[in-house]
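In each ligand, atom 1 is the first atom listed, and ligand 1 is the first ligand listed. Note that this is a predicted model, so its numbers are computed, not measured.
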Amino acid sequence: MSKLAAVFENLPVALQQAACHLEGWRIARHRYGGDFQALLRAAEARTNWTREQMDDYQGRRLAAFLEHARRNTTHYAGQSLNASWPVLQKRVVQERTADFIARGYERSGHWAHTSGTTGAGLRFPVTRQAHQEQWATWWRYRHWHGIGLNTWCGYFGGRMVVPLQTEEAPYWRDNAPGRQILFSGQHLREETLPQYVAELRRRQPPWLHGYPSLLSLVADYLVTRGEDLGYTVRWLTTGAENLLPHQARLMERAFGVRPRQHYGMAEGAANISECERGALHVDEDFSAVEFLPAEEAGVYRVIGTNFTNLAMPLVRYDVGDRVRLSEAGCACGRPGRVVESIDGRSEDYLWLSDGTRLGRLDHIFKDATRVREAQIVQRARGEMTLRVVRGMGFAEDDERQLLAETRYRVGAAMRVDLEYVDRIERTATGKLRLVVSEVA
Ligand SMILES: [Zn+2]
């Protein structure tokens, strides 16, 4: 724990609240001060560009960025501009981070970090402009749906906003400068849910945003009791985790509005935003994304170049995620490619004993409306364990259906065990992983 976190933990609630405002103010200034409004306007102007305009813009930024990387980093010093650069694996960046940091940016003010599901994270500098271009891309997407910078948001994420040992409400803090009520994901459980719901009813934030695994706990609470929030939730957006089909349906039932998702990452190598018609658009002006065929037919690896971040050039960086591409495109007319689905991380796959890899396992749970939470664990090839937290009314029929659906998806050769648990462990950043595989 950092010194600051230790100090925070021992403050009275009112002072913790003041610390939240102060931190919120600091973040808002870094994110939305300076050139942000100009960057946002420029990003929004590109929404209706033609494909040719977009290609031209991307080509120019990419060329300048590659030249910068070649001149100013150890890793890319020998690269020729006339040949294709190799695909970069995260492991290489983790082992030799310093070689990727551009000269002159070693003491950059802002450092981002990724948690890495297997434990190994990454810390790297991000220029303020790159940070703001990313936020401009995210706000452009929110504006498509009518969410404004001043819209109050009930936020359910992984940020530690309430000390872990706290045993009584409030399990939330305000960030007034950022227009957020920050609900603690770490304290959200059966016994505390009534208090969360009561606070939502009292404050009535028109926009709910967060991890699908947390928002669906709130949704499940309401649906199983036949209740609603008693006010109109106008917007529901999710991020950080894959939005699974059964979570989307549960949330729509509980909140009366369809969840929208976007896909992004701290490295800024790719960004994908859902439009008002429900299509997932690649933000072609934010980074240069390639889709390379993966092991499974119709599935592609996401490879991206973060041409906004001069401090840490990552060229043809393998993000580690898998997508399916849409043939149909989208009638909204936005330029660029459309993704049919985000299949999640490469680790979200299971191995059969014959070496076949299976993806899209979220479909196992698509009709499992009485499953509160689930996770798939694989310890060896050819076997898997379903970990399930039963929801209200879960009965033998549900178990039978779940096992049948699993069998249908994974085939006859897989050994399937079922384990009922009270709670599923989250990662260090509070995320719920659909698949935990111990098989390399
Ligand atoms: Zn569209």
Query raised in the report: Do any protein N, O or S atoms sit under 2.8 Å from the Zn ion (ligand 1), and which ones are they?
Result: Cys275 SG, His281 NE2, Cys330 SG, Cys332 SG
Query raised in the report: Parallel, tilted or perpendicular for Phe365 and His246, by the 30°/60° rule?
Result: tilted
Query - Pair Asp228 + Arg253: basic N to acidic O under 4.0 Å - result: no
Query raised in the report: Do Val371 and Asp398 have side chains that get closer than 4.5 Å, going by heavy atoms?
Result: no
Report summary line: Partner of Phe100 under ring pair (Phe, Tyr, Trp, His ring centres under 6.0 Å), picked from Phe124, Tyr76, Tyr317, is Tyr76
Report summary line: Those residues at least two apart in sequence (or on a different chain) that pass salt bridge (Lys or Arg N to Asp or Glu O under 4.0 Å) with Arg46 are Asp285
Query raised in the report: Are Phe36 and Trp139 close enough that their ring centres sit under 6.0 Å apart?
Result: no
